[in-house]
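Note that these values count all heavy atoms, side chains included, but never hydrogens, waters or copies made by symmetry. Both counts, for ligands and for their atoms, begin at 1 and track the order of listing. Throughout, residue positions are numbered sequentially from 1 according to the sequence presented.
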Amino acid sequence: MSVKKKPLVVVTRKLPDSIETRMRELFDARLNLDDTPLSPEQIADAARTADVLVPTVTDEITAEVINQPDCRLRLIAHFGNGVDNIDVAAAHARGITVTNTPKVLTEDTADMTMALILAVPRRLVEGASVLTEGKPWDGWSPTWMLGHRVGGKRLGIIGMGRIGQAVARRARAFGLQIHYHNRRPVAPMIAEELGATYWESLDQMLARMDIISVNCPHTPATFHLLSARRLKLIRKDAYIVNTARGEVIDEETLTKLIENGDIGGAGLDVYEHEPLVSPRLVRLAKAGKVTLLPHMGSATIEGRVEMGEKVIINIKTFLDNHKPPDRVLPGML
Ligand code: 8YV
């Protein structure tokens, strides 16, 4: 009797132990225990040998990788929500299914967005560094380390999907007025719950907000959505928070406008040329104008385990010849 071979699943980065163990039980899983990112050649090689690839945001799954004549992949089970690192159209054209891990990172990402919304005006990192970096602190003073109140300000959310709405819920509890720009208005019940004002014109919204939060995915349509022209519409004392993707903002222009005092500041978790962070942004952070985080919006152990569980469900249902729950189709982007 011939023994059925388990499908080869290549996982590009180190995942939580419980997820890796379950993957080994279910599949012929090739793990990356030391977490060294794969080179483009190694990714191309994985596509030629594996039935299923489990990439993350740090892997570029290009049309070139997908269109190799001997590409063996049947499923790309992405460990992540955003799929801008995968050429979904090329995969689809080649009959390769793509899945992602939506919903499980919504609340964690919204928490981190709220943390940045608070951190910038309340000078959180600057204040903390006084104590940790040996700077002098002579004690409390009524006029020292003053920031700006968050309550009562207007927050303009760009992209009112799951994460945008979760940010709005939190922000409302902090007394912010919720405004948003989206392809379509949200359902009336949600708009009422959030007390949210819809702007079909992003330009109009940008010019009126105190705080702007980017919560839309990066797609060809949203690349540099905050272009140089649009960034110049933003008020001098306003600031921008981005926990979505760096590519949505023209980072060079944003940096220049903050340096020149034409935009108040920014709280950034993502960068246009990640993992490169421009030294000019780092200088602005040291000057207390911006708060920078290293792409950790969804970085909770609970979230990573749930992402891994979603990846396993997507692979298992696919291999059992069912439609995986989190399929990504080109038309969705
Ligand atoms: C993930 C993210 O950690 O899922 C996303 O879209 O931006 C991150 O929070 C990362 O993408 C994992 O691949």
Discussion item. Working note: Arg170 + Glu107, criterion salt bridge (charged side-chain N to carboxylate O under 4.0 Å, His left out); need CA distance, chi angles, decisive distance, verdict.
Written reply: CA-CA 10 Å; Arg170 284 156 177 75; Glu107 305 301 325; 2.8 Å; yes

Worksheet item: Which other residues end up in the same hydrophobic cluster as Leu105, if Ile, Leu, Val, Met, Phe, Trp and Tyr are linked when side-chain heavy atoms come under 4.5 Å apart?
Response: Val9, Val11, Leu15, Ile19, Met23, Leu26, Phe27, Leu31, Leu33, Val52, Val54, Leu75, Phe79, Val104, Ile301, Val305, Met307, Val311, Ile312, Ile315, Phe318, Leu319

Worksheet entry | Point-to-point distance, once rounded to the nearest 0.5 Å, from CD of Glu251 to CD of Glu274 | 9.0 Å

Practice prompt. Mind running side-chain contact (heavy atoms from CB on, under 4.5 Å) on Val270 and Val248 for me, showing each step along the way?
Written response: CA-CA 10 Å; Val270 287; Val248 178; over 6 Å; no

Item to complete: May I ask you to test the Arg245-Val57 pair for a side-chain heavy-atom distance under 4.5 Å?
Response: yes

Return a table of N or O atom pairs, ligand 1 on one side and protein on the other, at distances under 3.5 Å, rounded to 0.1 Å.
from: ligand 1; atom 1: 3 (O); to: Ser298; atom 2: OG; distance (Å): 3.0
from: ligand 1; atom 1: 3 (O); to: Arg304; atom 2: NH1; distance (Å): 3.3
from: ligand 1; atom 1: 3 (O); to: Arg304; atom 2: NH2; distance (Å): 3.3
from: ligand 1; atom 1: 4 (O); to: Asn81; atom 2: N; distance (Å): 2.7
from: ligand 1; atom 1: 6 (O); to: Gly82; atom 2: N; distance (Å): 2.7
from: ligand 1; atom 1: 6 (O); to: Arg245; atom 2: NH2; distance (Å): 2.9
from: ligand 1; atom 1: 7 (O); to: Arg245; atom 2: NH1; distance (Å): 2.7
from: ligand 1; atom 1: 7 (O); to: Arg245; atom 2: NH2; distance (Å): 3.3
from: ligand 1; atom 1: 7 (O); to: His295; atom 2: NE2; distance (Å): 3.0
from: ligand 1; atom 1: 9 (O); to: Ser298; atom 2: OG; distance (Å): 2.6
from: ligand 1; atom 1: 13 (O); to: Val57; atom 2: N; distance (Å): 3.0
from: ligand 1; atom 1: 13 (O); to: Phe79; atom 2: O; distance (Å): 2.6

Practice prompt. Give me the ring orientation class for His179 and Trp199: parallel if the planes are under 30° apart, tilted from 30 to 60°, perpendicular past 60°.
Written response: parallel

